[in-house]
Amino acid sequence: MSGPGTVFRETSAQPRTESVPYSHLSLELGHLYMEDFVEGPDRLRRHFAAVRPWVDAARAGVGPLPAGRRPRISTCFLIDDYFSRLSTPAELVPPLLEAAAESGLTIDYLARESGCAGPALAGPGPAGGSGRRDRAVLAEAVLHRLVESPPPGSNGFRPPVSRTGWLTNGRRAPSRRTSAALDATGAVWEPPSETGARGHSVFMDVELWSGPEDERTWSCAFLASVWQLVRLGLLRDNGQAVLTPAVWDDKAFPADWDALPPVVRLNPLAPPFTAYATCSILPARFLPVEHAVRVVLDQVHVEEEALRQVAERSAGEGVTVPAGVVDRTSYVFPPGL
């Protein structure tokens, strides 16, 4: 029945939010730079030997599931092909997989960091793929979803992150002279402060990119934020899932990184790539980067439908998933890694 309050909408104007499968945990076995791979196979063996005990701990940490179900845990590995390309997939990937296998580990999914900056819906690679045409640049799409948290007492003077490329977790120190004797207004220096600080502030200002708008170089921290959102299955492009893993059946890897899909499934029996929660086992040098990631995730607006799908699916399994996106991520920084 229609009436004065009836609202008509075109069905095509309401794109359906594509559903994705979920593991209970996405376990990242590492994230290395090209320079790490140049050190040779011994470097990779040391990495996975150090990672192995923490993999077992992370698996055990998932805990028992209702009705005696076994947890679905998928593993992944991120390769930095964005900031440098000192080697090729053909030269780099086989030794990586062999080193992991020597420590009793299996890499279910292999991802390229450039995929977090590239097209949201990647076209088919040499092993096939989604077949859907490319659309929005993924990092750019996440940038447009940032909703800055205004600190208490802010007056709106600060330019938006879309213009500055900097995102903070609080109030910056005012840009003024630090001496009252040099300032005609008599104003004195004020320290920065963290929004929601507990006792004392841990203030952070995160650079999201550098360079002009048409030639941006995205920061490691921002691409790592996109990577977390992809693993959590919370990103969509016009309703469609992004960076869906492509099955990799070829035994030989290509000589060009762009010939490799952004995310490939190496293990045909692997649980889903996307998961309710993530755990990343990383070298300690990534600790400040991941702190920045948490600042970004705290201020990303995620589609309500994507959040609802996770809530309904996890509730149906009797699994508790934190409401906050940042609370779905965890880290291990093993000593000596």
Side-chain angles (χ1 to χ4, degrees), residues 22-33 36-37 44 46-63 71-83 96 99-100 103 105-117 138-139 142 204 206 218-235 243 245 262-264 266-267 270-298 300 310 321-322 324-337:
Y22 287 98
S23 289
H24 294 102
L25 181 69
S26 166
L27 183 57
E28 184 176 6
L29 302 182
H31 174 184
L32 297 179
Y33 295 126
D36 297 311
F37 290 98
L44 299 177
R46 292 196 304 271
H47 173 87
F48 288 112
V51 163
R52 178 55 200 259
W54 302 99
V55 170
D56 295 337
R59 291 180 180 275
V62 174
R72 300 184 301 276
I73 302 173
S74 63
T75 62
C76 59
F77 196 97
L78 184 67
I79 295 178
D80 171 24
D81 69 323
Y82 180 76
F83 295 99
L96 175 72
S103 291
L105 299 172
T106 299
I107 298 176
D108 295 327
Y109 298 93
L110 186 71
R112 299 191 292 115
E113 189 162 12
S114 61
C116 296
L138 195 52
V142 174
M204 174 169 278
V206 183
W218 301 101
S219 70
C220 180
F222 191 59
L223 293 181
S225 303
V226 176
W227 171 235
Q228 288 286 353
L229 290 167
V230 169
R231 291 168 62 197
L232 288 170
L234 295 177
L235 293 183
L243 298 195
V263 181
V264 294
L266 301 176
N267 178 8
F273 168 64
T274 46
Y276 297 141
T278 67
C279 178
S280 300
I281 306 175
L282 303 171
R285 66 175 184 249
F286 283 99
L287 197 156
V289 172
E290 298 305 327
H291 182 189
V293 168
R294 296 177 71 83
V295 170
V296 174
L297 294 182
D298 254 341
V300 174
V310 174
V321 175
V325 172
V326 71
D327 297 324
R328 304 179 190 187
T329 65
S330 62
Y331 303 91
V332 178
F333 300 99
L337 186 61

Quiz prompt | Contact summary for A139 and V226, nearest pair of heavy atoms | solution = CA-CG2, 4.3 Å
Quiz item: Hey, is the main chain of Y276 close enough, under 3.5 Å, to the side chain of R328 for a donor-acceptor pair?
Solution: no
Self-check item: From S280 atom OG to L78 atom CG, the distance as rounded to the nearest 0.5 Å
Solution: 9.0 Å
Quiz item: Does C76 have any side chain to side chain contact (heavy atoms under 4.5 Å, CB included) partners at least two apart in sequence or in another chain, and if so, which?
Solution: S26, E28, Y109, W227, R231, F273
Quiz item: Excluding sequence neighbours, so at least two apart, what forms side chain to side chain donor-acceptor pair (under 3.5 Å) with S74?
Solution: none
Quiz item: What about the rings of F286 and H31, do their centers lie closer together than 6.0 Å?
Solution: yes
Quiz item: Got R285 and Y33 here, is their nearest side-chain heavy-atom distance under 4.5 Å?
Solution: yes
Quiz prompt | L229 vs V142 side-chain heavy atoms within contact, under 4.5 Å | solution = yes
Quiz item: What are the two closest non-hydrogen atoms of L25 and T278, and how far apart are they?
Solution: CD1-C, 3.8 Å
Quiz item: How long is the gap from CG on L266 to OG1 on T106, to the nearest 0.5 Å?
Solution: 10.0 Å
Practice problem: I would like to know whether L138 and V230 meet side-chain contact (heavy atoms from CB on, under 4.5 Å); could you show each step before the answer? | Solution: CA-CA 10 Å; L138 195 52; V230 169; 4.0 Å; yes
Exercise. Quick one: closest heavy-atom pair of P334 and W54, and the distance?
Key: CB-NE1, 3.4 Å
Practice problem: Can you spot which of D108, N267, V55 makes a side chain to side chain contact (heavy atoms under 4.5 Å, CB included) with T75? | Solution: D108
Quiz prompt | Aromatic ring pairing F77/H47, orientation class (parallel under 30°, perpendicular over 60°, tilted between) | solution = perpendicular
Quiz item: When rounded to the nearest 0.5 angstrom, what distance separates CG in L27 from SG in C279?
Solution: 5.5 Å
Exercise. Report the C-alpha distance between I79 and F37 in whole Å, list the side-chain angles of each, state the deciding distance to 0.1 Å, and finish with yes or no for side-chain contact (heavy atoms from CB on, under 4.5 Å).
Key: CA-CA 10 Å; I79 295 178; F37 290 98; 4.3 Å; yes
Quiz item: Can you check whether L337 reaches V51 side chain to side chain, under 4.5 Å on heavy atoms?
Solution: yes
Quiz prompt | Under 3.5 Å donor-acceptor, Y82 side chain and W218 backbone | solution = yes
Quiz item: What's the spacing between L235 CG and L243 CG if we round to 0.5 Å?
Solution: 8.0 Å
Practice problem: State, yes or no, whether a side-chain contact exists between L223 and D80 at a heavy-atom distance under 4.5 Å. | Solution: no
Practice problem: Locate the shortest heavy-atom distance separating V263 from A111; write the atom from each residue and the value. | Solution: CG2-CB, 4.1 Å
Quiz prompt | Pair D36 + R46: basic N to acidic O under 4.0 Å | solution = no
Quiz item: Distance-only, no hydrogens or angles: does the S23 side chain make a donor-acceptor pair with backbone N or O of P272 under 3.5 Å?
Solution: yes
Quiz prompt | Sidechain-backbone polar pair: H24 side chain, I73 backbone, donor-acceptor under 3.5 Å | solution = no
Exercise. Just do the side-chain contact (heavy atoms from CB on, under 4.5 Å) check on I107 and L29 with the steps written out, would you?
Key: CA-CA 8 Å; I107 298 176; L29 302 182; 4.0 Å; yes
Self-check item: Shortest non-hydrogen separation from A224 to V293 and the atoms involved
Solution: CB-CG2, 3.5 Å
Self-check item: Under 3.5 Å: donor-acceptor pair, side chain of D298, backbone of V326
Solution: no
Quiz item: Does A221 offer a backbone N or O that forms a donor-acceptor pair with the side chain of S225 under 3.5 Å?
Solution: yes
Quiz item: Quick one: CZ on R72 to OH on Y22, what's the gap to the nearest 0.5 Å?
Solution: 11.5 Å
Quiz item: Does D56 pair with R52 as a salt bridge, N-O distance under 4.0 Å?
Solution: yes
Quiz item: L232 and T329: side-chain contact (heavy atoms from CB on, under 4.5 Å), yes or no, with the steps?
Solution: CA-CA 9 Å; L232 288 170; T329 65; 4.2 Å; yes
